[in-house]
Amino acid sequence: MSAIPSSVTEAVPTTRPVNLRVREDIRALIDQAARSQGKSRSEFMIDAARRAAEDALLDQTLVRVDAETYARFLQVLDQPPAGEGFERLMRAPTPWAR
């Protein structure tokens, strides 16, 4: 029997190496970007890969609704935007027009 409680060992994530071959110019670019964020190359690449993986999976999300809900959704999309919230959004200053 282990002296370490299972709750402690389960909380420690297992890491495994991932080896990549990359062109020198791309590695230099990654290193520069990592330094600009105060991260190591590994931290930067893991964060970037995780975000890309999440985005790829979120793009694949399927939402199922009944025919009535879908028809209402299409109806709302076909309506021109209006209302106080839309008017306020259109009056908001744009950062590119300064």
Visitor: Quick one, Gln37 and Asp47 - any side-chain contact, counting heavy atoms below 4.5 Å?
Guide: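 No, every pair of side-chain atoms sits at 4.5 Å or beyond.
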Visitor: Would you indicate whether the side-chain heavy atoms of Gln75 and Gln79 approach each other to under 4.5 Å?
Guide: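 When only atoms from C-beta onward are counted, Gln75 and Gln79 do touch, with a gap below 4.5 Å.
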Visitor: Hey, any chance Val65 and Phe73 share a hydrophobic cluster, counting ILVMFWY side chains that come within less than 4.5 Å of each other, even indirectly?
Guide: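 Yes, Val65 connects to Phe73 through the hydrophobic network.
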Visitor: Would you say Arg23 has more than 12 foreign heavy atoms packed within less than 6.0 Å of its CZ?
Guide: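 Atom CZ in Arg23 is not packed in, count stays at 12 or less.
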Visitor: Could you tell me the separation between the CG atom of Asp55 and the CZ atom of Arg50, rounded to the nearest 0.5 Å?
Guide: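 Between Asp55 CG and Arg50 CZ, I get 9.5 Å after rounding to 0.5 Å.
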Visitor: Check side chain to side chain donor-acceptor pair (under 3.5 Å) between Ser40 and all other residues, then give those that pass, not counting sequence neighbours.
Guide: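 Here the qualifying residues are Glu43.
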Visitor: Run the side chain to side chain donor-acceptor pair (under 3.5 Å) test against Arg27 and tell me which residues pass, sequence neighbours left out.
Guide: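 Arg27: no side chain to side chain donor-acceptor pair (under 3.5 Å) contacts found.
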Visitor: Can you tell me how far CZ of Arg35 sits from CD of Gln32, rounded to the nearest 0.5 angstrom?
Guide: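 Answer rounded to 0.5 Å: 6.5 Å.
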Visitor: Name the residue from Val76, Thr69, Leu74 that meets the side chain to side chain contact (heavy atoms under 4.5 Å, CB included) definition with Arg72.
Guide: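 Running side chain to side chain contact (heavy atoms under 4.5 Å, CB included) over Val76, Thr69, Leu74 with Arg72 returns exactly one hit, Val76.
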Visitor: From Leu89 CG over to Glu84 CD, what is the distance, rounded to the nearest 0.5 angstrom?
Guide: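 The CD atom of Glu84 is 10.5 Å from CG of Leu89, to the nearest 0.5 Å.
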Visitor: Look up atom CD in Glu24 and atom CG in Asp31, then write down how far apart they are to the nearest 0.5 Å.
Guide: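 Here the rounded value is 8.5 Å.
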Visitor: Measure the spacing between CD1 of Ile26 and CG of Leu20 and express it to the nearest 0.5 Å.
Guide: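 Here the rounded value is 11.0 Å.
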Visitor: May I ask whether Val22 and Met45 are part of the same hydrophobic cluster, defined by side-chain heavy atoms of I, L, V, M, F, W, Y residues being less than 4.5 angstrom apart, directly or through others?
Guide: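 Yes, Val22 connects to Met45 through the hydrophobic network.
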